[in-house]
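Below is one structure, written out as structure tokens, with a few remarks after it.
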Amino acid sequence: MCGIIGILKKENSELSDNLVQSLIDLEYRGYDSAGIAIVHNSSIKIEKCLGAPSQYMDLDRFKKNIGEEKILTTVGIGHNRWATHGKPSISNAHPHLDCGGDIAVVHNGTILNYESLKENLKKQGHNFKSDTDTEVVPHLIEENMKKGLSLEDAIVESASLLEGSFGLAIIHKDYPKTLFVLKNGSPISIGISNEMFVVASSTNAILRYTDRYLVLEDGEMAKLDAENMSHNIFKYKQPARSRLYKAEQVIEGILLEDLSKGDFDTFMQKEIFEQPATTRSTILGRTNTEEGLAVLGGLIDYKEKLRNIDNLYIVGCGTAYNAGMLGKELIENLTPINVSAQIASEFRYRKQNFSPDNSVFLSISQSGETADTLESLKEMKRKGFTTLGIVNVVGSAIAHESDAGIYTRAGTEIGVASTKAFTAQAITLYLFSLSLARVHGMSESSGISFIKELESIPDIMKKVLENHQEIERIAEVFRDIEKIQFLGRGIHMPIAYEGALKFKELTYMEAGSYPLGELKHGPMAVIDDMSLSVVILPKDDLFSIGSISIEQIKSKSGRLLVITDEEGAKSPVMRLADEIIVIPKLNNPVMYPLIEVLPLQLFAYYFAKQLGNNIDKPRNLAKSVTVQ
Ligand code: F6R
């Protein structure tokens, strides 16, 4: 949610090109507007655009305005915006300036006390040009410099007044060799090479230049100096500002090719088709087939705790919550453990009744940054719970804060609508469930067959994806529908929720999701010949009861798309379906969710494509939701 970039180089170069490329690498974090600022001939030069920088940033115009074919400089900052304070507009796009136009700031996060700061600054004569919370920062620095403070002191003094969350990158027209960075609650990493520093909200935007980086912790500020390529990191609230020495880290788990679409039309399409490979990678080295065990190295120190728990909280948002619901179904199916799967933004504010003595808290997150999930985790830590995480982004805040965890190894996910991260979360939960089940009564032979079935999933996923043209055709068949709902029972219910979430994110149409049996208690009212019910119904022990709902939908003239397996497709009730998507038959029905989600991802994808929507960047959304 918002992406910031800052580049400082030893030598002059055409930095604006680098800044824009980095903004494109970070575009998934926000894309309603963007901007860059550089120090050029002792003044700040700014270029902004409304919409995604890959489409709308006009560097030729920038060069023309400055009057140079090549704009050479050593320092610059940039920002992709996901609007929170003030609508998307050029004036609200970052970077923001002080009155004199000397200081430029980009910000990721929310400054909670900006209104009172703004009021005071206005009284002191400052002129504001945007509706953003961010704009107080350059004006505060300006005000403090007016009082005679140095730039560094003025930044420190200003930061001490800010409440809320921020990642900030700051430049000044008179300091072409200096870049300041601050972190409090929003992620910031500093890439380091012999010639440059690259500051970014995510290591995705650093990898293009270097794989060496430092992580800033909350309350820290860095002064980066290109004169001698040095950095000074300190706690900005501690008067002594003692220098902190940090070990350099190496970027892992991201490949540069993850940042490109390759031969695919969109990142989402690429990520859907990557799922057989990512699933394989999530499982790799984590099973002991001879003994039917899951081998989860990250949880090794918590083996005893997990052996003795009676309860488990699983918490996440959006797709991660849907994976959590699936985890609940699985774990309650395979073990005697009670599982409460909850939405993080609700969980934080609710009374929780499980005790830390016999319970564990598990959060799920692709980005590892989601504010509601992170705050739930912190709260449960304060309450004395053991906290585990299922996280995709290595070294992210949730990974860092959790006592232990399992990485999902889905690779970088750029498409805003989550696909491969969901299946990686699900697979991880299957492994986690197996590890719990084996210490709670599951036999060795059941463990062995569970693993065999799990390891066969990547090949089966491949088969499901081969059906993509048929799913594209079906999306066309239902093009004229006015309403849609996704329905599934038991272990298929979370997949119905995930199918609906994908569909609404991409098509901008409201999509209901219900447990199939709930249909008759209200949702049935919306059914008519312009409504589509997507029913997930493979042949398992709930098939017969689910078939009744199919009859009910048809009796109300509703249109019907059924996702079933080869066995289910032979059932006479299927004659009622307008269309059927057939998935392979599985020996262990508990595994169906892992493959039935793929046609739903494709269905949403093709439906949105025919509407001409922006698939990778659906309107109003962003990838990492770091605001509450
Ligand atoms: C849906 C989607 C969102 C995220 C949610 C949590 O396609 O991407 O619903 O799943 O914002 O994000 P993470 O997993 O990063 O915590």
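When a ligand or atom number is given, it counts from 1 through the structure's own listing order. All residue numbers refer to positions in the sequence shown, counting from 1. Given the structure is predicted, the values throughout are model-derived calculations rather than measurements.
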field: Identified side chain to side chain contact (heavy atoms under 4.5 Å, CB included) partner of F422 from the options L594, I495, L501
entry: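 The single option meeting the side chain to side chain contact (heavy atoms under 4.5 Å, CB included) with F422 is I495.
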- request: Please answer whether the main-chain N or O of N92 pairs with a side-chain N or O of D131 as donor and acceptor at a distance below 3.5 Å.
  value: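 Not confirmed, D131 side chain does not pair with N92 backbone.
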field: Donor + acceptor pair across side chains of S418, E413 (<3.5 Å)
entry: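 Side-chain D/A pair, S418 to E413: present.
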query: Listing by chain and number, which residues have a heavy atom under 4.0 Å from ligand 1?
result: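 Around ligand 1, where the cutoff is 4.0 Å for heavy atoms, the contacting residues are C317, G318, T319, A320, S365, Q366, S367, T370, V416, A417, S418, L501, K502, E505.
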- request: Flag yes if more than 12 heavy atoms outside D263 fall under 6.0 Å of its CG atom; otherwise flag no.
  value: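 Incorrect, the count does not exceed 12.
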message: Heavy-atom count check: over 12 atoms from other residues, nucleotides or ligands less than 6.0 Å from Y56 OH?
response: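 Counting neighbours around OH of Y56, 12 or fewer heavy atoms of other residues, nucleotides or ligands fall under 6.0 Å, so no.
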message: According to salt bridge (Lys or Arg N to Asp or Glu O under 4.0 Å), does anything in residues 312-334 pair up with another residue at least two apart or in another chain? List the pairs.
response: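 Sorted pair list: K328-E332.
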